[in-house]
Amino acid sequence: MIKSGSREFSKNATKFLSAVSLSVLAVGTAHAQDAAADNAAAETAPAEEGDAIVVTGFRASLEAALNLKRDSVAAVDAIVAEDIAKFPDQNLAESLQRIPGISISRDGGEGRSITVRGLSSQFTRVRVNGMETIATSTDGASANRDRAFDFNVFASELFSSLVVRKTAEASLDEGSLGAVVDLNTGNPLAGRAGLNGALSVVGSYNDLAKDLGPRLAGLLSWRNDAGTLGASISAAYSKTSTLELGNNSVRWAQARFDGVDATNCFTTANSGGTYVSSTACDRAATAFHPRIPRYGEVAHDRERLGLTGSVQYSPSDATKLSIDALFSKYDASREEQWGEVLLRSNERSINVVNPIYDANNNMISATLNDAWVRTEHYLRESQTKFYQVGGTWDQDVTDNLRFTALGGVSKSNADIPVETTIIFDDRDAQGYSYDYTDMARPKLTFGTNVTNRFKTAQLRTEWDVNENITLKAGAVWRRFNFDAEAYTRDTAVCGNGGTSRVTSTAGTITCSASSLFGPTAVYGFAVTPALSQSFSLGNAGQPAGNTNGWLVPNLDAAAAFTGLYSLTPANDAGNIRGVQETTKGAYLQADAKGDVLGIEYALNAGIRYAKTDQSSYGLVSGVAATVTRSYDDWLPSANLALYPTESTIVRVAVADVMTRPTLGSLTPGGSADGFNYRVTSGNPFLNPYRARNYDLSLEWYFAPQAVLSLALFQKDVGTFTQSASITGATFAQTGLPASVLSPASPAALNPAQQAEPRWTLATTVNGSGAKLKGIELAAQIPFSAFTDGMLSNFGVLANATFIDSNASFNVQGPAIAPGGALQNAVVSNTLGNVTKKAFNGTLYYDDGKFSARGMLSYRGRYHEGASGTGNILEGYGATTNFDASVRYKLTEWMEVSLEGNNLLDTYRYRFTDFDADRNYENNHFGRTILFGARFKM
């Protein structure tokens, strides 16, 4: 039988006014940060006189980044591009993972988001050229509709430096418990006089997809001889295809079966009747089994286009005017083809034969009769567009007074025009078997449009009281708007008995009563060869004897046959929602430097005030509702740097910090899941996350381009949000209309299930706090510090992070009795997304003509928080990734390169229960080889 469905997201982006900020800040604006990076790099450029040591290439970028770190009062780490339009990694997130304390999450084979010192991406603020920005996308398995920043939206070649600020300052925007990350594009006045350019032509080949795609980048810059006028433009384009092959269980669950080893578990077969308790039936009902065991293929196609432009005018040393613009367009498609069995919600009709159980109460293998076999073909197309335009005026009024006036707009718009699924079902298959003895490699045998908008206005003033003391004060106004709309189309028509359906192409179908079971039942349109296509599974890590081929729907033919796209879209109530957030604030900060008892010091200390006005809307019982609230925060902070010797720095920092709640949790109303019998609602009254951070670090710059560092940090988080659930409710108790249920879900197809007390009502509430503490160790060691000759061209970068944390989680654990309700429980574990151990190492060689480096990164096991269907805390297993790069400079203007990403072809293992380690999925993405040339003038 064939069924189909689609989701359509559409929302016209709302235009918004530009905002103007007045900033008086010598260090901290985008241009100041970028100029610092450019100046640091310039210090390593070839000298014309004497026998000066020349540092170029990769080693020059390391030295520039180290200078940024060393010159800062607060805790800062940076990555600087080796040269214009040449960043050291293919993805910004993958570059950031080289920094101590940062781990990344990969999606679809690419780095997407970062975790800083154990706190996930929602706790990190990102600024592009000094303007706070949110860039969201739909890629991999999910859409990001929150505060987290998706680094895969931008081509890495567009940026000249990344600066990570790990400790807070009063003059730094609030909203981060983890870090503030600055992404900086070019600075034409810092370049050479005349016309300069660079062009990179690279081919990208993935060994699973067997696809070769282009990766192009170019930059043109010009500066007059006087250094008063400069301009630059850059562009980057790439198109790639990758495959994701593996297995997926869609979690594990408990349920009562029709029969176990010839023992009937109900008084009537397949449906109806009452449960009959027995040893075999009770054992199967209370054990966990995979909900939808399946193997499949996911194809990812990505296309990126990025453009930047900058014009700078500096008629004197006291004045500089700049206009910067950035545009990024990111198109992605995700096509899935699966062969699976739906145990989920269909256990009532399934007979289990020869079940085997493990010590964690898992039914790890069994043969199933009267099973619901499904093959599925899915397609999602998405697009993200990001725009930013800004202008700055840097002015020295006197020797002691400076200001920067900044105005600009930024917008990120993510759309999913169409999301379509077509499925083939066989509801009484015999002899299907699964075997999860090897949890990672089972044997399976078959018998929203989001618009983000920012408006910002700031006033910053800075006064040099004397040579050693500077006072800073300022005010800020920001407005952030998040809006989402979603609509669904679905052709699911059977399940309620006697229902007829007419489409323009398929004609009329009369469905069987829901009580009818077996090969004569009619529950959808019959499958024909014209509606299907064959699928063969490649290397997904499957064992011998696995079923590796099946028929899947032909998307175009099946959609046309069912008239899918001619249906009138219906509201997806849980995804029609939005938040408007307005922040007003001010700060006062003092910077000082001097010496005490012969020890030099630099410090900044101050306090920041922020008031948040929040208005959120959503559908409650089908009716639009709006909720407003306000809260404020006082955020003191201090950073102290001591210089006991010329080569050592001791840093101490303490700050009160905050992060506002996730956007998806703030809207009233919610969504209903008719597959898992769960209704999830938002909570507009969530408090922000508030914490006090402590930092202590020691840095030893024992040689040029070299450092050894140790950092200790602790975050005392006073408030976290928690999930809260009520079990055993009926759907009527939710107050939602049945129209919010997906027409293809079991609860919609069988209305009797809506009256059963099997529903879970879930929301997010304010919870207790938690503590996180850790150690960062880092080393940057050029061998030139110890030797000369060829060995002096080698070097090592290495870092390790160790984090200890503990938090309590409200979860729903396993049911105790067969068919009983899930049990509420409180469990203790690490904070969500916290990896206890993470390592990163790079071995490089660079002689100015030939360079090579190998980069190894390890992230330990971690969970992401609450799971579902009785599982406790789901997350990901440990991963080790290895990348390598080789470059050779043929001439002063031409360089060739060969690079490899994910050379170990690392599998991504996801578990659905932290202790039981039940398989959620285990996929790999293949190796990507990049080869090309770069030209420079």
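As the structure is a prediction and not an experimental result, all values here were calculated from the model. Counting from 1, the numbers follow the sequence of the chain as shown.
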Beyond-backbone contact of [X] with [Y], side-chain heavy atoms, under 4.5 angstrom:
X	Y	result
L873	F809	yes
V250	R294	yes
W372	L343	no
Q542	L245	no
T835	I803	no
K166	P100	yes
R125	T659	yes
Q754	T730	no

Consider only side-chain N and O atoms of [X] and [Y], and report whether a donor and an acceptor are under 3.5 Å apart.
X	Y	result
S249	R291	no
N840	N799	no
N361	R283	yes
T124	S121	no
E347	H289	yes
Y378	Q337	no
T612	R660	yes
Y920	N247	no

Evaluate the ring planes of [X] and [Y], with Trp represented by its six-membered ring, and classify them as parallel (under 30°), tilted (30 to 60°) or perpendicular (over 60°).
X	Y	value
F914	F911	perpendicular
H300	F925	tilted
Y907	H924	parallel
Y432	Y434	tilted

Please round to the nearest 0.5 Å and tell me the distance separating atom CD1 of I104 and atom OG of S857.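 Rounded to the nearest 0.5 Å, the CD1-OG separation comes out at 6.5 Å.
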Less than 4.0 angstrom from a charged side-chain N to a carboxylate O is my criterion; do D716 and R690 meet it?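 Salt bridge: no.
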Should R117 and E776 count as an ion pair when the cut-off is N to O under 4.0 Å?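 The answer is yes: the pair qualifies as a salt bridge.
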State whether the side chain of [X] and the backbone N or O of [Y] hold a donor-acceptor pair below 3.5 Å, judged by distance alone.
X	Y	result
Q614	P684	yes
S103	T115	no
T763	S681	yes
D883	N902	yes
T719	G769	no
T906	T880	yes
K836	F802	no
N833	S120	no
D435	P442	no
N346	R344	yes

Are Y689 and F123 near enough that their ring centres are under 6.0 Å apart?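 Y689 vs F123: aromatic centres under 6.0 Å.
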Please evaluate residues N693 and Q714 with respect to the criterion side-chain contact (heavy atoms from CB on, under 4.5 Å), reporting the C-alpha separation (whole Å), side-chain torsions for both, the decisive distance (0.1 Å), and the verdict. CA-CA 6 Å; N693 291 351; Q714 179 171 308; over 6 Å; no
Measure from NZ or CZ of R629 to the centre of the six-membered ring of F685, then state whether that distance is under 6.0 Å and the direction lies within 45° of the axis.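 No cation-pi geometry.
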Before you tell me yes or no, could you show the steps for N248 and W338 under side-chain contact (heavy atoms from CB on, under 4.5 Å), namely the whole-Å CA-CA distance, both residues' side-chain angles and the distance that decides it to 0.1 Å? CA-CA 9 Å; N248 192 307; W338 298 98; 4.0 Å; yes
Could you walk me through whether R908 and E921 satisfy the salt bridge (Lys or Arg N to Asp or Glu O under 4.0 Å) test, starting with their C-alpha distance in whole Å, then the side-chain angles of each, then the deciding distance to 0.1 Å, before giving a yes or no? CA-CA 8 Å; R908 182 188 65 184; E921 64 181 6; 3.0 Å; yes
Using the side-chain hydrogen bond (donor to acceptor under 3.5 Å, both in side chains) definition, which of the options R910, E297, E244 pairs with N923?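 Looking at R910, E297, E244, the match for N923 under the side-chain hydrogen bond (donor to acceptor under 3.5 Å, both in side chains) is E244.
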Show your reasoning for whether side-chain contact (heavy atoms from CB on, under 4.5 Å) applies to V352 and L368. CA-CA 5 Å; V352 178; L368 308 178; 4.0 Å; yes
Please determine whether salt bridge (Lys or Arg N to Asp or Glu O under 4.0 Å) holds for the pair D358 and R918, giving the CA-CA distance in whole Å, both sets of side-chain angles, and the decisive distance to 0.1 Å. CA-CA 11 Å; D358 69 5; R918 302 182 183 105; over 6 Å; no
